[in-house]
4 protein chains.
Amino acid sequence: MSDVPTSNGDLRRLILDTTRRLLVKEGYHNLSMRKIAQSINYSATSIYLHFESKDALLHALIDEGMQQLYDAFTSIVGQFPDRPVKRLRALCEQFITFGLDNPEYYEIMFQLRPEQMERYPAEKYRRARRNLDTIAEALAEGADEGVFEVADARVSASTIWASLHGTVSLLLAERVDIRIDQNDFIETAIRQTLRSYTTRAVA
Amino acid sequence: MSDVPTSNGDLRRLILDTTRRLLVKEGYHNLSMRKIAQSINYSATSIYLHFESKDALLHALIDEGMQQLYDAFTSIVGQFPDRPVKRLRALCEQFITFGLDNPEYYEIMFQLRPEQMERYPAEKYRRARRNLDTIAEALAEGADEGVFEVADARVSASTIWASLHGTVSLLLAERVDIRIDQNDFIETAIRQTLRSYTTRAVA
Amino acid sequence: MSDVPTSNGDLRRLILDTTRRLLVKEGYHNLSMRKIAQSINYSATSIYLHFESKDALLHALIDEGMQQLYDAFTSIVGQFPDRPVKRLRALCEQFITFGLDNPEYYEIMFQLRPEQMERYPAEKYRRARRNLDTIAEALAEGADEGVFEVADARVSASTIWASLHGTVSLLLAERVDIRIDQNDFIETAIRQTLRSYTTRAVA
Amino acid sequence: MSDVPTSNGDLRRLILDTTRRLLVKEGYHNLSMRKIAQSINYSATSIYLHFESKDALLHALIDEGMQQLYDAFTSIVGQFPDRPVKRLRALCEQFITFGLDNPEYYEIMFQLRPEQMERYPAEKYRRARRNLDTIAEALAEGADEGVFEVADARVSASTIWASLHGTVSLLLAERVDIRIDQNDFIETAIRQTLRSYTTRAVA
DNA sequence: AATGAATGAGCATTCATTCAT
DNA sequence: GATGAATGAATGCTCATTCAT
């Protein structure tokens, strides 16, 4: 693929992109340094010039994924600055889209158990939490406006995240009854999730 | 050779239990026949006297887990034969409890991607779906009684399952903000999930 | 296959027959004590009650094969007591038929290198040599009658055997050009082999 | 680590030669990558730097053998361009010499059953057939000159090959009566084989 | 006469990583 | 900045054989 040797420090970029591609194509378990090297027509050793270890490479990838998701979220916030309900729905949709579009990204970002990735510094996870805050803010603003009923925005945001994560996970693991239409499933999941926080209209 | 000499067919049990323990401690990907063998002070070959293959061993474990969960669900159905709301809440609580109590089962039961466990027969997954049906029934009965608002019980049941699964997954992966009380988180997740299907009170 | 347990000492017989069958069906390399045992619905251990080792079992089989071939040869001798030419041709045909009909038998009888079957006692190979003697006798008688030209019957018999063995080996190894008709090939091999020892008619 | 430190790409050569040696000493079935590695004081992994798989290694060996035999045949053809009888005799002698001198090559070249080496591409076997063609040509030319009596040169060449192959096989398997002088045996085999195709002298 | 339980040695192959150049 | 050469450890699995019962 990369017949044309990439000049200078682009190699790091090339490695990251290739790894991501392989991750999606072959899955986390079939990912090996050897295969990455082969894909970019470099020696396996070369990867170590740019990443201390396989773990380090994956961590960099997780960071990128988190950033990407954060960027998407930020853009949505920009689109609906004062429409918390619409904003929250868009965030939900975006999360699910992101997960389904980047399945193996998703795996290393959200599904790896800590003991499997033990050297990933907790500080980085904290960075990931910014995404959660975006949801919490929408909830809080909605509560202020009286359209959401929220006891504790932080807890509620996590609950919403759980629903979304469960939805993506089941879809990725192909555990959802095949007789159920995927879009129907996603739409229902989002609608019900939001509904559970919506203020009930009193006649 | 084993510390506590196990008589007769107990070895099969010992293998199953040890595998479950290792699954929790080291995760699915770091599980190997050799490690299992080492843990029980038997040769790796001995495992093959009781299980045809690594897959067969894991399948046996999945079956056990599914059965256990099914038994728990069945017992709940028996406790609340005509109280669909109470029954549904109990089922939700039970699912989360089961997941947190049996993280080892949980991973291989619900989190493994099909390509990682491809030889697990689809028929068995179908068997697993009985648990989902139990939820769908409670929803349908509740809808009949007018206490639940449900368009399609099958889709809704899957949606509820997604929420529960997401909740368990995040807790097991230790991805929930440590400042959030676990019980609070669980209670909120269940309450909101049910709330989203509850008929809105009319004044 | 042997649902009906064979009584008494028939087990030895059953093992031999089953092994022979497996040898043909699966080949020498895929033959294992485990598989033999499985095929006869006995434990692997039971085989050791009748044969000291896998080698011993194979030796017994080789003996049987040699005896079988010897019996066939003897019968031919009886059919053509004083027709050495016809007798020799029949022996050649029989040898090739035997080889093609019992390919894996043939392998352990004639193709195993001594170092692969080191414990097979040389004395047994000597027993096998009786078959060669039968050929040598036909040659010698033919020479006496003036129909064969033979310098040293022992050497010539070995030469003939070599031709036959080569023919069988190439056929079994599927090394003969597929455009050549097998019967044509065999017939030519035998005809030419005999021809080379036939006295040339002088005008 | 190796006794005589081999520089650069010599390891490939060393592996090939060692494999050949082991093949003679222990036979095809007892050949393992581990043993090869041990023999050259390298790790088993190192072999994979030079050969994709065990099969690939053996294929390389077969190719070498086929080429060597072909070169020897070609040289003989050059020595007797218009003496088909002498040429054929030389080819026969060369085949047997080759077999006895290279028992390791011989087994994998001519004695392996296809199911034992199934991945060896048929196209390569076809290449091996060039050697047979060389024999067929000598026969055909001799027939043209009236010195050979040949019905179908292709069939006859295969028949000759069978005789030679049988001769080599029995010698390698040490199945020839030890009271028979090896050179006598070989000489007789060749003489008789040729004789069977020689036109009978007319007074 | 028969077996269940057990094992050590072996197999081809893959992996992340190191090191001298 | 890049690499070829090399490796120890690991993988799931099969094998012939032994031994106490």
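A, B, ... follow the sequence lines: proteins, then strands. Residue 1 opens every chain.
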ask   = In whole Å, what is the span from the CE atom of C/M33 to the C1' atom of E/dT7?
value = 17 Å

ask   = Of the nucleotides E/dT3, F/dA2, E/dA16, which has the atom closest to the A/S46 side chain?
value = F/dA2

inquiry  = If I take atom CG in residue C/L57 and atom C1' in nucleotide F/dT17, what distance separates them, rounded to the nearest angstrom?
reply    = 14 Å

inquiry  = Looking only at the side chain of B/L11 (C-beta and beyond, no hydrogens), which of the listed nucleotides F/dT17, E/dG4, E/dA6 gets closest?
reply    = E/dA6

query = Below 4.5 Å, heavy atoms only, C-beta onward: do D/R20 and D/L16 meet side chain to side chain?
reply = no

query = Which part of the nucleic acid, if any, lies within contact of B/I47, taking any heavy atom under 4.0 Å across all strands shown: a base, the sugar-phosphate backbone alone, or nothing?
reply = nothing

key: All salt bridge (charged side-chain N to carboxylate O under 4.0 Å, His left out) counterparts of A/E64, not counting sequence neighbours   = A/R13

Under-4.0 Å salt bridge between D/E104 and D/R21 = no

inquiry  = When you measure from the side chain of C/S46 to the backbone of C/Y42, do you find a donor-acceptor pair of N or O atoms at a distance under 3.5 Å?
reply    = no

query = According to the Watson-Crick and G-U wobble definitions, with both distances under 3.5 Å, which nucleotide is paired to F/dA20?
reply = E/dT3

request  = Would you please confirm or rule out a distance under 4.0 Å between OP1 or OP2 of E/dA2 and any side-chain N or O of C/H50?
outcome  = yes

query = Taking the side chain of C/S53 as heavy atoms from C-beta outward, which of F/dG12, F/dT17, E/dT3 is closest to it?
reply = F/dT17

Heavy-atom donor-acceptor pair, A/K35 side chain to A/N30 backbone, under 3.5 Å = yes

key: Candidates F/dT17, E/dA12, F/dC15 - which lies nearest the side chain of C/R34   = F/dC15

message = Of the listed nucleotides (E/dT17, F/dA2, F/dT17), which one gets closest to any side-chain atom of A/Y48?
response = E/dT17

task = Would you tell me if any nitrogen or oxygen in the side chain of A/Y42 comes within less than 4.0 Å of OP1 or OP2 on F/dT3?
result = no

DNA chain F: 5'-proximal contact among D/A44 and C/L31 (nearest heavy atom) = D/A44

note = By nearest-nucleotide position on DNA chain E, the 5'-leaning member of A/N30 and B/S43 is B/S43

Interatomic distance, A/D10 CG vs F/dA2 C1' [rounded to whole Å] = 16 Å

query = Tell me: CD of D/E52 to C1' of E/dT13, nearest whole Å?
reply = 12 Å

inquiry  = In whole Å, I'd like the distance from the NZ atom of A/K35 to the P atom of E/dT13.
reply    = 15 Å

Rounded distance (Å) that lies between atom C1' of F/dA5 and atom CD1 of D/I40 = 13 Å

request  = Write down the distance between CG (D/L22) and C1' (E/dC11), rounded to a whole number of angstrom.
outcome  = 16 Å

query = With distance as the sole criterion, is a donor-acceptor pair present between the side chains of B/Q111 and A/S169 under 3.5 Å?
reply = no

task = Quick one: label B/I36 by what it contacts on the DNA or RNA (base, sugar-phosphate, nothing), any heavy atom closer than 4.0 Å.
result = nothing

Sugar-phosphate, base or nothing in reach of A/T45, heavy atoms under 4.0 Å = base

ask   = Please give, in whole Å, the distance from E/dT14 P to D/F51 CZ?
value = 16 Å

